[in-house]
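These notes concern the structure reproduced below.
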There are 2 protein chains.
Amino acid sequence: MDIKTNLIATAERLFDRNGFSATGMDRLTQEAGLSSRTLYKHVGSKTALMALVLGARERRFMERLDVQSVDEIFDVLGQWTRDEGGRGCLFLRSYGETGGDIPEIANVVLTHKDATRAKIAEIVQRDLGAGDHGELTEQILVLFEGAVAAAVYRGMDAISAARKAAAILVAQARS
Amino acid sequence: MDIKTNLIATAERLFDRNGFSATGMDRLTQEAGLSSRTLYKHVGSKTALMALVLGARERRFMERLDVQSVDEIFDVLGQWTRDEGGRGCLFLRSYGETGGDIPEIANVVLTHKDATRAKIAEIVQRDLGAGDHGELTEQILVLFEGAVAAAVYRGMDAISAARKAAAILVAQARS
DNA sequence: GACAGTGTAAAACGATCGTTTTACACTGTG
DNA sequence: CACAGTGTAAAACGATCGTTTTACACTGTC
């Protein structure tokens, strides 16, 4: 595998499992199987590596979220959580750990949240037909965000609860 | 004010604004206006201080959450966010930063989440009358958690969306 | 067969981390 | 006045942080 790709994947795993600050560069180089010199040649700095990790995750996530109905949104989330484990939104976690003070990271996070909201709006639109669905979109977004957060301690139950709630809200909006 | 109380309040502010790892003990002693020797005499270690901060927040939060209806839950959350700012759930953030690996902290976090869920169950019960409302409770919990998380980037809109969604789910469960 | 490029291994950089220690001032009590 | 208790100020602890440097091996190309 490409050095940089492998490095970013390893960093994503460690950041997600142990936290950003708690993951030292020594641990990272060791687990990625490369020297610190090579690491810095490829990514420049730890902050840049964090941004790269989030960027890669964003692309992977958006690929998966390309669905047609509100119901499927929560299917995708269930699969994601089963595959990758539910330790909370890595974007919000990076934002929290840095206090939102590092523009390089804050930008990626806020852009990702904008994109997620836009994608949900698009799905709601497709599901409900033409009309203003701003309120429903915000509700689905909150359910999605809540399912991610609550899954940390409630597991899959949180996700199926969100899914059922979303179905009720969609039905209600249709009538 | 009592030294320890003031220290914990200062630590809560700094941890919340800048993150746990990113907040050094020097910064803390400086802002709390005491020597590091006094700090360590009173709280023992940074980890213990984190647990104390979370414990204090838990008591303050549970006091506020002592309401009678589902609707009021989101009123409380709105006030909390207006008063203290919405930077995400400090419990989940502490859990994420430490990878859930520090028992002293993981315990406080999971206990808090259990208590929150129990409190919501109690409110739902009072609101809906006797019967099994496990499903609705999980849905309200997810909406609550989602409102907290989404408020980081959507502000109060996330909270009022959660409130409206909860009202619909409650009405649906009543019929 | 020199050479530029890219990699590793490992030591070292200064800075900062959480924590402890030393030295000293102030307080109330016997 | 002695004294134990509690506080501050500040230096120092060893450890670890992110990052850079030194020294060297391997690779493909002219």
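Worth saying up front: this structure is predicted, and the values here are computed from it rather than measured. Below, read A as the first sequence line, B as the second, and so on, with proteins coming before strands; counting in each chain starts at 1.
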Worksheet item: Rounded to whole angstrom units, what separation is found between the OH atom of A:Y40 and the C1' atom of C:dA10?
Response: 15 Å
Worksheet item: Taking for each residue the nucleotide of DNA chain C with the nearest heavy atom, is it B:G44 or B:R37 whose nucleotide lies nearer the 5' end?
Response: B:G44
Worksheet item: What's the NZ-C1' distance between A:K46 and C:dA15, to the nearest Å?
Response: 15 Å
Discussion item. What I want to check is whether an N or O donor and acceptor connect the side chain of B:S36 with the base of C:dT20 at under 3.5 Å.
Written reply: yes
Worksheet item: Which part of the nucleic acid, if any, lies within reach of A:T23 when heavy atoms closer than 4.0 Å are counted: base, sugar-phosphate only, or nothing?
Response: sugar-phosphate
Worksheet item: Please walk me through it: do B:R117 and B:E138 pass salt bridge (charged side-chain N to carboxylate O under 4.0 Å, His left out)?
Response: CA-CA 8 Å; B:R117 187 181 143 78; B:E138 193 88 28; 2.8 Å; yes
Worksheet item: How far apart are the C-alpha atoms of B:K119 and B:I73, what are their side-chain angles, what is the distance that settles it, and do they pass the side chain to side chain contact (heavy atoms under 4.5 Å, CB included) test?
Response: CA-CA 10 Å; B:K119 186 71 196 171; B:I73 295 175; over 6 Å; no
Discussion item. Nearest whole Å is fine: how far is D:dT8 P from B:E31 CD?
Written reply: 16 Å
Discussion item. I need the NZ-P distance between B:K41 and D:dT8, as an integer number of Å.
Written reply: 10 Å
Worksheet item: Does C:dA4 have a Watson-Crick or wobble mate here (both distances under 3.5 Å), and if so which one?
Response: D:dT27
Discussion item. Could you check whether B:E31 and B:T10, counting side-chain N and O atoms only, form a donor-acceptor pair closer than 3.5 Å?
Written reply: no
Worksheet item: What does B:T47 touch in the nucleic acid at a heavy-atom separation under 4.0 angstrom: a base, only the sugar-phosphate, or nothing?
Response: nothing
Worksheet entry | Rounded distance in Å - CG (A:L34) to P (C:dT8) | 6 Å
Response to the item:
Between NE2 of B:H42 and P of C:dT19 the distance, given in whole Å, is 16 Å
Discussion item. Would you say A:S35 places a side-chain N or O within less than 4.0 Å of OP1 or OP2 belonging to C:dA9?
Written reply: no
Worksheet, complete the sentence: In whole angstroms, the gap separating C1' of D:dT20 from CG of A:D26 amounts to 13 Å
Fill in: Non-hydrogen atoms of A:A150 and B:V142 that approach each other most closely
CB-CG2, 4.3 Å
Practice prompt. Could you check B:G33 against A:G24 and say which one's nearest nucleotide on DNA chain D is further toward the 5' end?
Written response: B:G33
Worksheet item: For C:dT29, which nucleotide in any strand shown is its Watson-Crick or wobble partner with both distances under 3.5 Å?
Response: D:dA2
Worksheet item: Can you tell which of A:V170, A:D127, A:D75, A:L128 makes a side chain to side chain contact (heavy atoms under 4.5 Å, CB included) with A:S69?
Response: A:D127
Discussion item. What is the distance, to the nearest angstrom, from the CG atom on A:L7 to the C1' atom on D:dG18?
Written reply: 14 Å
